[in-house]
> 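Please read through the structure below; I'll follow up with questions.
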Amino acid sequence: MSTVTSPSGPAANARPFLHGPELAAIGRALQAGQYGHGPETDAFELELAAYLGVDDVVTVATGTAALHLALLAADVGPADEVIVPSLTFCACIQAILATGARPRFVEVDPRTLCVTAEHIRAALTSATRAVMPVLYGGRAVDLSPIRDQLADREIAVVEDAAHAFGSVNGDRFVGATDDLTCFSFDAIKALTCGDGGAIVPRDPAEAGRLRRARLLGMTAVWEERVRTVSYQVSVPGFRYHLSTLHAAIGRVQLTNFDKVAARRKHLWRRYAAATIDIPDVVVVDLDVANTVPFNCVVRIAARVRDAVHARLHAAGIQAGVHYPPNHLQPGFARWSCALPATEAVAAEILSLPFHPDLTEDDVALVTAELTAAVAAETAACDTAAVLTGLPEVRR
Ligand SMILES: *Cc1c(COP(=O)(O)O)cnc(C)c1O
């Protein structure tokens with residue numbers, strides 16, 4: 001693939017990928033002189049809806065803003081509870097708290113790092129107003145076993161699909177399954193606007209409410225007196241719109257998205273094949289046939305994980321832990337609870353460098369360093385390394 005990014009290599013854990021025409025597109029948008037919500041934003045929304053096969057898409061400034069507005073659209077507010085996995089980016093929790101509601105943390109399946117319908121069913125209370133499945137790594141979450149139960153209790157599903165643009169859920173794209181789905185287009189997501197986000201609304205009225213809320217609650221009104229357009233503020237709102245400059249980047253990214261999707265699948269399969277023979281290492285399954293992989297996460301016995309992480313770092317390879325569990329964060333201590341499976345798996349996970357600029361040689365280099373690091377560290381341990389629950393991986 002052609003690229004205008006700086007030299008590639010395995011060093012970075014994640015990085016933006018540009019196709020090239022983004023530079024000209026942003027130049028045109030700058031010269032057009034309208035930098036706020038503008039024609040590029042409207043065009044991007046239509047193109048996103050066409051790509052996903054949905055009626056409408058509402059863009060916003062960030063994925064976090066998308067989660068916040070989607071929760072408000074689902075009527076989440078003070079006194080309500082939102083069920084969310086602890087193992088996610090802290091943005092989920094901050095979006096919940098911003099509505100005045102409280103998070104109810106749940107476990108994830110250690111094989112997929114995603115919540116299951118059972119986890120959610122077990123956590124439902126009379127205060128539950130919404131559930132927020134996180135599509136970890138891009139993998140779709142199937143809540144069909146509890147869909148009727150949630151609908152009967154008027155509990156909304158607000159999907160955090162920040163990792164999952166382009167993934168499929170059954171025979172439809174993630175976002176086309178009638179939930180409130182939120183995407184992120186931040187720097188390291190598979191489709192980037194620099195910063196950006198989007199919500200797939202459930203109906204046209206909801207789309208209208210989201211559009212008002214993202215632009216300070218304003219609607220345009222015609223002032224006959226001066227025969228010009230002014231505005232009226234009808235509801236509370238936020239400055240959450242997607243600027244036309246960011247949308248211009250996103251439109252180029254969307255046009256070229258299928259190339260990036262194929263590249264990410266290819267690199268993930270390479271990693272999966274290259275790590276299969278490393279003793280004491282398993283790759284977290286993300287159902288690659290249906291998923292545009294956001295990352296490549298391996299599990300390594302907890303007693304050696306940090307030492308392996310440090311060895312990779314010393315070798316110039318940036319691995320990472322995604323994510324430190326939120327129920328253990330000091331800022332979220334009030335809502336903490338016992339989540340032993342999450343704590344166990346969080347001590348095993350390591351995200352390997354993963355972005356479209358990686359070459360097959362890079363993947364080989366990372367896996368060679370990983371093999372050596374794990375071998376050195378397990379040899380230094382007297383007891384055998386044991387992973388919690390043995391995953392099955394579809395390659
Ligand atoms: C990136 C991300 C977000 C937030 O998106 P921003 O665009 O960075 O605000 C939320 N959840 C997850 C899982 C993410 O990876």
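A quick note: this is a predicted structure, and the numbers were derived from the prediction, not measured. Whatever order the structure lists ligands and atoms in, that order sets their numbers, starting from 1.
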> Return yes when Ala65 approaches ligand 1 closer than 4.0 angstrom through a heavy atom, no otherwise.
no

> Answer yes or no: does an N/O atom from Lys189 fall short of 3.5 Å to an N/O atom of ligand 1?
yes

> If the cut-off is 4.0 Å to any non-hydrogen atom of Asp186, which atoms of ligand 1 fall inside it?
1 (C), 6 (P), 7 (O), 8 (O)

> Taking the hydrophobic residues Ile, Leu, Val, Met, Phe, Trp and Tyr, and joining any pair whose side-chain heavy atoms are under 4.5 Å apart, which ones share a cluster with Leu339?
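Taking Ile, Leu, Val, Met, Phe, Trp and Tyr as members, Leu339 shares its hydrophobic cluster with Val58, Val60, Leu67, Leu69, Leu71, Leu72, Val76, Val82, Val84, Ile93, Ile96, Leu97, Phe105, Met132, Val158, Leu180, Ile199, Leu210, Phe238, Tyr240, Phe332, Trp335.
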
> Is Asp179 salt-bridged to Arg147, cutoff N-O under 4.0 Å?
yes

> Has ligand 1 got any nitrogen or oxygen that is less than 3.5 angstrom from a nitrogen or oxygen of Asp195?
no

> For His37 and Asp42, test the side chains for any donor-to-acceptor distance below 3.5 angstrom and give the result as yes or no.
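Looking only at side-chain atoms, Asp42 and His37 do form a donor-acceptor pair, the distance falling under 3.5 Å.
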
> If you count the atoms of ligand 1 from 1 in the order shown, which ones are under 4.0 Å from a heavy atom of Ala162?
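Those of ligand 1 that fall under 4.0 Å from Ala162 are 2 (C), 3 (C), 10 (C), 11 (N), 12 (C), 14 (C), 15 (O).
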
> Quick test of your reading of the model: are Glu81 and Arg102 salt-bridged, counting only N-O distances below 4.0 Å?
yes

> Could I get the full list of ring pair (Phe, Tyr, Trp, His ring centres under 6.0 Å) partners for His246, not counting sequence neighbours?
none

> Applying a heavy-atom cut-off of 4.0 Å, say which part of Asp160 lies close to ligand 1: side chain, backbone, both or neither.
side chain

> Quick check on contacts: which atoms of ligand 1 are under 4.0 angstrom from a heavy atom of Gly196?
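Under 4.0 Å from Gly196, ligand 1 has these atoms: 7 (O).
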
> Strictly below 4.0 Å, N to O, side chains only: are Arg303 and Glu348 in salt-bridge contact?
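Salt bridge flag = no for Glu348 with Arg303.
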
> For ligand 1, which atoms sit closer than 4.0 Å to a heavy atom of Thr62?
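The list of qualifying atoms is 7 (O), 9 (O).
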
> Give the residue and atom name of whichever protein heavy atom lies nearest to atom 9 (O) of ligand 1, and the separation in Å to one decimal.
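The answer is Thr64 OG1, 2.6 Å.
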
> Compute the minimum heavy-atom distance from Tyr323 to ligand 1 and say whether it is under 4.0 Å.
yes

> Mind checking whether Val174 and Val168 sit in one hydrophobic cluster, side chains of I, L, V, M, F, W, Y counted as touching below 4.5 Å?
yes

> May I ask you to check if ligand 1 and Gly63 share an N or O to N or O distance below 3.5 Å?
yes

> If the plane angle is over 60° it's perpendicular, under 30° parallel, otherwise tilted; pick one for Tyr323 and Phe89.
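Tyr323 vs Phe89 ring planes: tilted.
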
